[in-house]
A.B. asks: 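Sending over a structure as structure tokens; questions will come in a sec.
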Amino acid sequence: MFLNQEPRLAEFAGAVVEWQKRHGRHHLPWQGTRDAYRIWLSEIMLQQTQVATVVGYYERFLSRFPDIPALARASQDEVMPYWAGLGYYARARNLHRCAQELAAHWDGRFPDTPEQIATLPGIGRSTAAAIAAFAYGTRSPIMDGNVKRVFTRYFGIYGVSSQRATEQLLWKTAEEAVQAAPAALDMAAYTQGLMDLGSDCCTRGRPDCARCPLQAGCYAYAHGVQHELPTPKQKKASPERECKMLILHQEGSVLHQAGSILLEQQLSPGIWGGLWSLPQYGDASALEVACSNWGQPSNQAQKMAGLLHTFTHFKLHIEPWYVQCAATVVAEPGPRQAWVPVEKLASTALPAPVRKILGGLFDL
Ligand code: SF4
């Protein structure tokens, strides 16, 4: 840990702001607004997801839910298709809950302080500070994954950032960097600059120190330890699970010529809570029972190419099985199940791997 931080603190924020104004990003769809709703939506979508992926989702979401009251009025089932494919679906469920809470208790508007914002569902301290900085210019520091990387390298902070002591030191240093900055600090440019530096310049694998405005005071650069910081977490091997998915395709009818697929809505909370997945089975005998319940001998099921989907905490091997049944087979779907016409699959809230599997069979 580098002890004499004072000169580093004094010059830090000014260098970030100056660089952001010249070289940072200025034309993203959620920039140039002080609308806390739009800022909040972008911040939540950008957690765990790349900017390039977020842009399209952000615009589609806003055109359907242009403000807090519109989102609060919608049902969760109406919201989920606009998040399907982005992953980490708890974000969408919390977004919806938060809009309802804002409508019910905050007159449909965001509160003014980061502390109040951080009491809302799905909003942590860093996101609350980012919303307040962009919407109100509040002098409150952020500390997301990209920013942690910049701080650990620049200030020479060792220790796994998820450990309490390291996290506290990072937040303390972030607060001191804001306090040491001039009173006229442009908080929106500073906050955006930290995000841009972390994603464009001080990247995980290849920090571009030659282009970095912080190079002169950077501990990691001076000591050649960019690749030691942030201190890596000990990696645990991800557990692996497997499942069989049944693609039960009911042949076309006059109404739905391409036929329908049996889908099952996933319970909330849960990894895919609120989304519509293909029915899943743990082993071949469970799949066989399911096929026979639909009057289909399992030996008529065709095995399709499997796929591996990686979640944060485990990997899922998916083995899809395709079975076609006649339009005359009329059986009541089970609880939370529904026949979804093929032409409606594209607008249904499907998890990404299910969309991929069905996209291999139909034009989604
Ligand atoms: S000089 Fe290099 S390591 Fe230091 S903050 Fe800049 S990009 Fe990161």
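First listed ligand is number 1; within each ligand, the first listed atom is number 1. Values below: all heavy atoms of this structure, side chains included; hydrogens, waters and symmetry mates excluded.
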A.B. asks: Taking side chain as C-beta onward, heavy atoms only, is L41 less than 4.5 Å from Y58?
C.D. replies: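 When only atoms from C-beta onward are counted, Y58 and L41 do touch, with a gap below 4.5 Å.
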
A.B. asks: What about the rings of F155 and F12, do their centers lie closer together than 6.0 Å?
C.D. replies: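 Yes, they do, as the ring centres are separated by less than 6.0 Å.
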
A.B. asks: Assess the pair W40 and F110: is the distance between their ring centroids shorter than 6.0 Å?
C.D. replies: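 W40 vs F110: aromatic centres under 6.0 Å.
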
A.B. asks: Does the ring center of W276 lie less than 6.0 Å from the ring center of W339?
C.D. replies: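 Between W339 and W276, which both carry aromatic rings, the centre distance is not below 6.0 Å.
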
A.B. asks: What about the rings of Y82 and F65, do their centers lie closer together than 6.0 Å?
C.D. replies: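 Yes, the ring centres sit under 6.0 Å apart.
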
A.B. asks: Name the residue from R206, R211, R204 that meets the salt bridge (Lys or Arg N to Asp or Glu O under 4.0 Å) definition with D208.
C.D. replies: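 Among the candidates, only R211 passes.
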
A.B. asks: Hey, which protein N/O/S atoms does atom 2 (Fe) of ligand 1 have under 2.8 Å?
C.D. replies: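 Near atom 2 (Fe) of ligand 1, below 2.8 Å, one finds C209 SG.
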
